[in-house]
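Numbering of ligands and ligand atoms starts at 1, following listing order.
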Amino acid sequence: MARPAPFAYRADQLHCEGVSLEALATELGTPLYVYSRGELEGAYRAFDAALTGLPHLICYSVKACSSLGVLSVLAKLGAGADIVSGGELLRWQRAGGDPAKVVFSGVGKTEDEMRAALAAGIHAFNVESAEELTVLDAVARAAGKRARVALRVNPDVDPETHPYISTGLKQNKFGVAMDEARALFRTAAGLAGIEVIGVDCHIGSQLTKTSPFTDAIARLVALVQQLASDGIAISHVDIGGGLGIDYGKGDAPPPSPAEYGVAVRAALAPLTALGVTLVCEPGRVIVGQAGALLARVLYRKRSEAKHFTIVDAAMNDLMRPALYGSFHPIWPAHGADRPTIVTDVVGPICETGDFFARDRALPELARGELVCIGATGAYGAVMASNYNTRPRAPEVLVDGDKYTVLRPRETYDQLLAGERLP
Ligand code: LLP
């Protein structure tokens, strides 16, 4: 059964679960990130249920939304974590996450980060190059440990997504080429500081079909079978993250987690007898629909060519439209039932790329009105910056008719702390 939408109108007032967004914005100011605990938990459970029957570990991709509060909710549900830095490892541990369920991805891990992850006892390093393997071996031996490793291969499949978030093509910087992988596994198997346990790939993000996943898995399956004939036993297959969400643009919706689960299960079937564990690294599909960015309308104006609605959130709060031209739904917090107007919703930053919507038909908004920019739980707050010396927006977690401020609004003193005059 479909979950109830986390953001819905009640008596013409937009709510997150049981909390009125106008009440939240009046209390905490705007811009403001709001997350629904119910949606977060529901999305995690749906993904987990989709993999029922397959031995699996869900390593939530921390980069999608790394607030300690969000991580703690997921850790309590039994999630593991996909991290890409020492900072993300620290966050996961501070949030009460289990380091034994962590996989460490990324093309550029430093030796310090490797040492910290070894000391924490993470589940596996997703190693992306021969040189990284050599360094990890040395770091592990110096620490008197063996690093568990999955080699990330580049399956060279087209994920058919935005070029900036496509990672599994041979021209991308990620992973080891398929035709070099087998030899590198043999090398790895002979290193005293390395224990080879898995193969890994991640082909891209916001995928809207299952076929790129199943094509990539087919290549991993063939590799695992070759490795078995080389005497290298693989116990875990990590297929990365990447399942897309519906941003409401009107395109065909991406496969549901259940459909994804069916496709993944079929593609992995040849390995059932080998007893491998499936590792997944979902980010967006867990947290994307759980979050929204609230902003207030500052001004309206009409130029010769266009109508603009200027709000108090900007590209420093939500970079996705500027960076990828991404679409996000925009809803007025008070009833949408009124005449529409075609407008560009823009922020106050001095760049033409500072927009949230272009030529969008929206209910005509008044100065001071609250708007909600939807599907911004993933890659929203985490990608915020202080550009234009704008303090970062607070983050709030709603649970039923209560809420917790996960992070208060950054103050100017915090923003300037640490800076020195020459
Ligand atoms: N695993 C690895 C190795 C990754 O690089 C990523 C995302 C994930 C898992 C999680 O992918 P997801 O399930 O969230 O698609 N900032 C961009 C997305 C960048 C994705 C980077 N890697 C955006 O706003 O669309």
Anything under 3.5 Å between a donor and an acceptor, one on a side chain of residues 91-99, the other on a protein residue two or more places apart or in another chain? List them.
{"residue": "Arg91", "atom": "NH1", "partner": "Ser66", "partner atom": "O", "Å": "3.0"}
{"residue": "Trp92", "atom": "NE1", "partner": "Asp98", "partner atom": "O", "Å": "3.1"}
{"residue": "Asp98", "atom": "OD1", "partner": "Ala100", "partner atom": "N", "Å": "2.9"}

Worksheet item: Looking at Phe213 versus Tyr260, is the centre-to-centre ring distance below 6.0 Å?
Response: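 Yes, they do, as the ring centres are separated by less than 6.0 Å.
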With a 6.0 Å cut-off on the ring centroids, do His328 and Phe356 count as close?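 No.
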Sequence neighbours excluded, the answer for side chain to side chain contact (heavy atoms under 4.5 Å, CB included) partners of Tyr299 is Ile310, Arg367
Across all chains, not counting sequence neighbours, the side chain to side chain contact (heavy atoms under 4.5 Å, CB included) partners of Thr161 are Pro159, Ile165, Ser166, Gln206, Leu207
Rounded to the nearest 0.5 angstrom, the OG1-CG distance for Thr272 and Leu54 is 7.5 Å
Pocket residues around ligand 1 (non-hydrogen, under 4.0 Å) come out as Ser61, Lys63, Asp82, Ser105, Arg152, Ile165, His202, Ser205, Gln206, Gly241, Gly242, Glu281, Pro282, Gly283, Arg284, Arg320, Tyr324, Tyr379, Met383
